[in-house]
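Contents: one structure, followed by commentary.
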Amino acid sequence: MSWRARLTELGIALPGVVAPLAAYVPAVRTGNLVYTSGQLPMQAGELPRTGKVGAEVSPEEGHALARICALNALAAVDALVGLDAVARVVKVVGFVASAPNFNGQPAVVNGASELLGEVFGDAGKHARSAVGVSELPLNAPVEVELIVELKAAAE
């Protein structure tokens, strides 16, 4: 089954690629890897929530926002090389704008990791970092970037 077909089966539609906020591109390919820029949980050009996780944003909301970030990252990969070119997810890096004393970053970033597992199955198992930060662009609660490996040309 193709990854696009898997998305359809799950009832998930990829959003449009989020326009960069500064001087960068959404994704870059080097060899058989694609690196995405950090993706915010933008929907229709807007952030659905702002603030710090553990204060204005609940951990559960942060989890859902991390899922949106991962979808936006997949959209960037799809626009660059096509989603069906992906062999596996290699790494996820999640940044969580965290209130003082909030230490649930791994559970928040699970929103992205769980989505990748739903879509890619075993090929979605990845290395990961979940980092708490004091601020993110636009006062976003979470930001996610991906590294994916591409299939060999003959596959």
Side-chain angles (χ1 to χ4, degrees), residues 3 6-7 9-22 24-30 33-81 83 85-150:
W3 303 132
R6 179 68 180 143
L7 282 174
E9 180 181 283
L10 292 168
I12 298 172
L14 282 182
V17 178
V18 176
L21 299 174
Y24 60 91
V25 295
V28 173
R29 178 181 180 170
T30 182
L33 297 174
V34 172
Y35 292 74
T36 70
S37 294
Q39 299 291 315
L40 301 179
M42 302 292 277
Q43 291 183 305
E46 309 253 336
L47 284 173
R49 293 286 280 127
T50 58
K52 305 245 185 315
V53 179
E56 302 88 0
V57 178
S58 73
E60 296 77 16
E61 289 172 309
H63 181 276
L65 293 168
R67 182 180 177 95
I68 296 168
C69 292
L71 279 173
N72 288 338
L74 291 179
V77 171
D78 187 54
L80 184 66
V81 297
L83 200 59
V86 173
R88 67 164 297 126
V89 179
V90 176
K91 183 155 189 189
V92 171
V93 180
F95 302 95
V96 180
S98 301
N101 299 315
F102 178 74
N103 58 13
Q105 294 83 7
V108 170
V109 179
N110 273 350
S113 295
E114 291 165 2
L115 171 79
L116 297 168
E118 290 172 34
V119 174
F120 295 104
D122 284 344
K125 293 180 181 176
H126 52 270
R128 188 179 90 179
S129 299
V131 182
V133 298
S134 62
E135 297 288 337
L136 286 170
L138 304 179
N139 198 25
V142 65
E143 180 175 348
V144 171
E145 59 185 54
L146 302 180
I147 302 170
V148 299
E149 180 182 2
L150 303 177

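- With hydrogens and angles disregarded, a donor-acceptor distance shorter than 3.5 Å links the side chain of Thr36 to the backbone of Leu146.
- Among residues at least two apart or in separate chains, there is no ring-ring contact (aromatic ring centres under 6.0 Å, His included) pair with a member in residues 47-78.
- A distance-only check finds a donor-acceptor pair linking the side chain of Asp78 to the backbone of Leu83 [under 3.5 Å].
- Checking side-chain atoms of Arg49 against main-chain N and O of Pro41 turns up no donor-acceptor pair under 3.5 Å.
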Ignoring hydrogens and angles, write down the donor-acceptor pairs under 3.5 Å from the side chains of residues 99-113, residues two or more places apart or on other chains.
unit_1	atom_1	unit_2	atom_2	d
Gln105	NE2	Ser98	OG	2.9
Gln105	NE2	Phe102	O	3.1
Asn110	OD1	Arg128	NH1	2.7
Asn110	OD1	Arg128	NH2	3.4
Ser113	OG	His126	NE2	2.8
Ser113	OG	Arg128	NH1	3.0

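- For the pair Val89/Lys125, no side-chain contact is recorded, criterion being any heavy-atom separation below 4.5 Å from C-beta on.
- Looking at Leu21 and Leu138, their side chains come closer than 4.5 Å, going by heavy atoms from C-beta outward.
- Checked by atom type and distance alone, the side chain of Trp3 never pairs as donor or acceptor with a backbone atom of Phe120 at under 3.5 Å.
- Using a 4.0 Å cut-off between charged side-chain N and carboxylate O, Lys91 and Glu149 make no salt bridge.
- Summarising the geometry, atom CG belonging to Leu71 is positioned 7.5 Å from atom CG belonging to Leu7; distances are rounded to the nearest 0.5 Å.
- Taking 4.5 Å as the limit, some side-chain heavy atom of Pro137 sits within range of a side-chain heavy atom of Glu143.
- The CG atom of Leu65 lies 8.5 Å from the OG atom of Ser58; values are rounded to the nearest 0.5 Å.
- You'll find the side chain of Arg67 reaches within 4.5 Å of the side chain of Glu118, heavy atoms only.
- Rounded to the nearest 0.5 Å, atoms CD1 (Ile12) and CG (Leu115) are 5.0 Å apart.
- At least one side-chain heavy atom of Val81 sits less than 4.5 Å from a side-chain heavy atom of Arg29.
- For the pair Leu136/Val96, no side-chain contact is recorded, criterion being any heavy-atom separation below 4.5 Å from C-beta on.
- Residues Val142 and Val53 form no side-chain contact, since every pair of their non-hydrogen atoms from C-beta on lies 4.5 Å or further apart.
- We find that Lys52 and Glu135 are joined by a salt bridge, their nearest charged nitrogen and carboxylate oxygen being less than 4.0 Å apart.
- Ser37 is not listed as a side-chain neighbour of Pro26, based on a closest heavy-atom distance of 4.5 Å or more.
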